Asker: 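Dropping the structure in here first, questions after.
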Amino acid sequence: MATGNEVSGNVERPLNFLEEIIEADIARGESRVHTRFPPEPNGYLHIGHAKSICLNFGLAKRYGGLTNLRFDDTNPVKEDVEYVDSIKQDVRWLGFEWAGEYYASDYFEQLYEWAIVLINKGLAYVDDQTQEQIRATRGTVTVPGAESPWRNRSAEENLRLFAEMRAGKYADGEKVLRAKIDMAHPNMLMRDPIMYRIIHAEHHRTGNKWCIYPMYDYAHGESDSIERITHSVCTLEFDVHRPLYDWFIERLDIFPSHQYEFARLNLTYTMMSKRKLLQLVQNKYVMGWDDPRMPTICALRRRGYTPESVRAFADRVGVARRDNVIDYSLLEFCVREDLNRIAERRMAVINPLKVVITNYPEGHTEQIECINNPEDESAGSRLVPFSREVYIDRDDFMEDPPKKFFRLSPGGEVRLRYGYLIKCEQVIKDADGAIIELHCTYDPMSLGGQSSDGRKVKGVIHWVSAQHAITAELRLFDRLFTIENPDDTEEGKTFVDYLNPESLVKVTAYLEPSLANAKTDAKYQFERVGYFCLDYDATTQNPIFNRTVTLKDSWAKIAEK
RNA sequence: UGACCCAUGGUGUAAUGGCAACACAGCAGAUUUUGGUUCUGUUAUUCUUGGUUCGAGUCCAGGUGGGUCAACCA
């Protein structure tokens, strides 16, 4: 269930197919909705998981039900408590509270007993074949598999062998427990799937208590059943697992949870493959799992995305069974939509050009009132010092302006945002002809949107007082890859060849002094530059502003023409 | 060359046998002390062939295209 702010899915939208299924269930008299989010604690959650989290928790919330958080920890060699903690943190950050926290490993004893039930029913057997033999006899998608020579052992022998497996009598790989289904089944997963394998490894929760571990297919449906999950929602690649999911539940005659599948999220200019993301981290293409360019939830958080915007995104991408690739610009839209509403405005100059206001009294400073957020009156205002010398952005001045350039140019006049009108009188250059500063005059009567004679200017530019400005590092993040689908590589290239060299640009900016008191959890819109949040350099602990997303820049399009 | 899943503007998602719509992206204009925001307008869609039907995006059959499955991963 959502805590804090309401999930931003309250705008009217048509039901997705899962909601329709649930409403049909309710119409049939099934009043209870209980979902679960079942990550394996073997890595960090990404935006694709966020879709699943919002779906599972959202479904339950909508129909007055509950959602469990369950860690699918059936493979001790891949899992770690570090991941458990990060997953819990990420789910909470997204704004959801789980009804119960469970672990598949909590059910190991029950699962073991149920395996015995299946053995007694003649539906499971211990197989002595090697991994290679099992693979070789499984057949292919077009040819049937062959039955194991151990397939018809007696229940007594199977029981004894299985108990010995648990007792640690055998080495890893020496024996497995298999379900006895059909080696010729067209669905490969039904060809006597492995239920238990021997792994002599320490588990992050059960320690060394077990040396046999259940496989996903054997553990998942039963775990759902134990928790009396009504709607077990997972991604499409588990579609072929559903017959097996149902097979175990039916043979065991336990609570009939049902599995439903939806298409996983794909996003342009990035990728969700844990394996490939790991390569980016290990080979230091990024700073870590929480590098703000990564699609992980912890990265989005660090970059300055809000949980509200991620939830809004999850709601807008929809839920269906067809493969999809979402435009990265939709994510950017969602975060801009939220940030525009809540982020306080500040002025920042990335590429400074000094402006001397020649008719302004030397040594004088005045405080200019600036609105914090024109979208939100309650955000109030702040005072920003103004003096004879200010920095403006170099982009806001052009010596030979094209038509439709509204900002400063020789002889032209613009407004310094919330301040005075200034007119460019003289361009000062160095010996090489590079512009080093501008000499302007100001209209003393022009504060507050007025002017001495009622004239209007089209251009409004931002500025900081040279004497009062503070400096800080800005990290400007852009898309991680240069192509929409980094998996779609040319011959001889891999995804790393398509990394965007400009995905991280560091600049030292001049900021208005109020930013010295910037808050870590606050979001700011640096006017003309983008939305930022405060971060700290991992090693030096120096303050840094991370850019969440850029402002829409229609001037860039005009300039291209 | 098996089983299963899928096919609607550039990208997503609706339309549940009865006028193909909504959002993002694009384009144009208006407003604006952010070339931001907001507002208005606008471009563009049912893979194909047949069948059922008064009527098909929707139902049926074939074709084509895409995806998933042959870990002792999940």
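Please read all numbers here as calculations on a predicted model, not as lab measurements. Order of the sequence lines sets the chain letters (A, B, ...), proteins ahead of strands, with each chain counted from 1.
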Asker: Using a cut-off of 4.0 Å on non-hydrogen atoms, how would the nucleic acid contact of A:Phe405 be classed: base, sugar-phosphate, or nothing?
Answerer: base
Asker: Nearest whole angstrom, please: distance from the C1' of B:U11 to the CG of A:Asn485.
Answerer: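 Going from CG in A:Asn485 over to C1' in B:U11 covers 14 Å.
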Asker: Without hydrogens or angle criteria, can the side chains of A:Tyr170 and A:Glu164 be said to hold a donor-acceptor pair below 3.5 Å?
Answerer: yes
Asker: Sequence neighbours left out, what passes ring-ring contact (aromatic ring centres under 6.0 Å, His included) with A:His46? Give chain and number order.
Answerer: A:His49
Asker: Any salt bridge linking A:Glu369 with A:Arg382? Criterion: basic side-chain nitrogen under 4.0 Å from a carboxylate oxygen.
Answerer: no
Asker: Of the options B:C6, B:C24, B:G36, whose atoms approach the side-chain atoms of A:Ser329 most closely?
Answerer: B:C24
Asker: To the nearest Å, give me how far apart CZ (A:Phe17) and C1' (B:U13) are.
Answerer: 13 Å
Asker: Taking only heavy atoms on the protein side, list every residue of residues 210-225 of chain A lying under 4.0 Å from any atom of RNA chain B, sorted numerically.
Answerer: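 Contacts with RNA chain B under 4.0 Å: A:Pro214, A:Met215, A:Tyr216.
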Asker: Between A:Asp487 and A:Lys276, does any NZ, NE, NH1 or NH2 come within less than 4.0 Å of an OD or OE carboxylate oxygen?
Answerer: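 Yes, charged N to carboxylate O under 4.0 Å.
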Asker: For A:Glu261 and B:C4, give me the distance from atom CD to atom P, rounded to whole Å.
Answerer: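 Distance, rounded to whole Å: 15 Å.
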Asker: Side chain of A:Arg321, heavy atoms from C-beta onward: which of B:C5, B:U33, B:U34 has the nearest atom to it?
Answerer: B:C5
Asker: Side chains of A:His241 and A:Asp217: any donor to acceptor distance under 3.5 Å?
Answerer: yes
Asker: Can you confirm whether the side chains of A:Tyr524 and A:Glu344 place a donor and an acceptor under 3.5 Å from each other?
Answerer: no
Asker: Is there a donor N/O on one and an acceptor N/O on the other, under 3.5 Å, for the side chain of A:Asp327 and the base of B:G10?
Answerer: yes
Asker: Aromatic contact between A:Phe313 and A:Tyr305, with the criterion being ring centroids under 6.0 Å apart: yes or no?
Answerer: no
Asker: Do side-chain atoms of A:Arg322 reach the backbone of A:Ala263 as a donor and acceptor pair under 3.5 angstrom?
Answerer: no
Asker: Between A:Arg345 and A:Glu512, is the closest basic N to carboxylate O distance under 4.0 Å?
Answerer: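 Salt bridge absent between A:Glu512 and A:Arg345.
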Asker: Please encode protein proximity along nucleotides 56-70 of chain B as a string of B, S and -, counting only heavy-atom distances under 4.0 Å.
Answerer: -----------SSBB
Asker: Under 6.0 Å from the six-membered ring centre of A:Phe406 and within 45° of its axis: does the NZ or CZ of A:Lys458 meet both?
Answerer: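 Ring-cation test returns yes.
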Asker: Would you write out the dot-bracket form of RNA chain B, 5' to 3', with Watson-Crick and G-U pairs under 3.5 Å, [ ] for crossing pairs, | for pairs to other strands and . for unpaired bases?
Answerer: .((((((..((((....[..)))).(((((.......)))))....(((((..]....))))))))))).....
Asker: Identify which nucleotide among B:U1, B:A14, B:G36 has an atom closest to any side-chain atom of A:Asn16, counting heavy atoms from C-beta outward.
Answerer: B:A14
Asker: The side chain of A:Gln525 lies closest to which of these nucleotides: B:G36, B:G12, B:A74?
Answerer: B:G36
Asker: Assess the side chains of A:Glu227 and A:Asn68: does a donor N or O sit below 3.5 Å from an acceptor N or O?
Answerer: yes
Asker: Among B:G36, B:U11, B:A74, which nucleotide has an atom closest to any side-chain atom of A:Asp72?
Answerer: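 Looking only at side-chain atoms, A:Asp72 lies closest to B:A74.
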Asker: What is the glycosidic conformation of B:A71: syn, defined as within 90° of 0, or anti?
Answerer: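 Base orientation relative to the sugar is syn.
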Asker: From the list B:G12, B:C73, B:C72, which nucleotide is the closest neighbour of the side chain of A:Ile326?
Answerer: B:G12
Asker: Counting only side-chain heavy atoms from C-beta out, which of B:G36, B:C6, B:C72 sits nearest to A:Ile134?
Answerer: B:C72
Asker: Give a yes or no on whether the ring-centroid distance for A:Tyr83 and A:Phe71 is below 6.0 angstrom.
Answerer: no
Asker: By the salt bridge (Lys or Arg N to Asp or Glu O under 4.0 Å) test, which pairs, at least two apart or in different chains, include something from residues 179-194 of chain A?
Answerer: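 Residue pairs with at least one partner in residues 179-194 of chain A: A:Arg151-A:Asp192.
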Asker: List, with names and distances, any nitrogen or oxygen atoms from the protein found under 3.5 Å away from nitrogen or oxygen atoms belonging to nucleotides 38-47 of chain B.
Answerer:
none

Asker: Between A:Asp106 and A:Arg205, is there a salt bridge with N-O shorter than 4.0 Å?
Answerer: yes
Asker: Just the rounded figure in Å: distance from P of B:U11 to CG of A:Asn324.
Answerer: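 From A:Asn324 CG to B:U11 P: 12 Å.
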Asker: If we ignore angles and hydrogens, is there a donor and acceptor under 3.5 Å between the side chains of A:Asn372 and A:Arg346?
Answerer: yes
Asker: Nearest-Å distance, CG (A:Asp315) to P (B:A23)?
Answerer: 15 Å
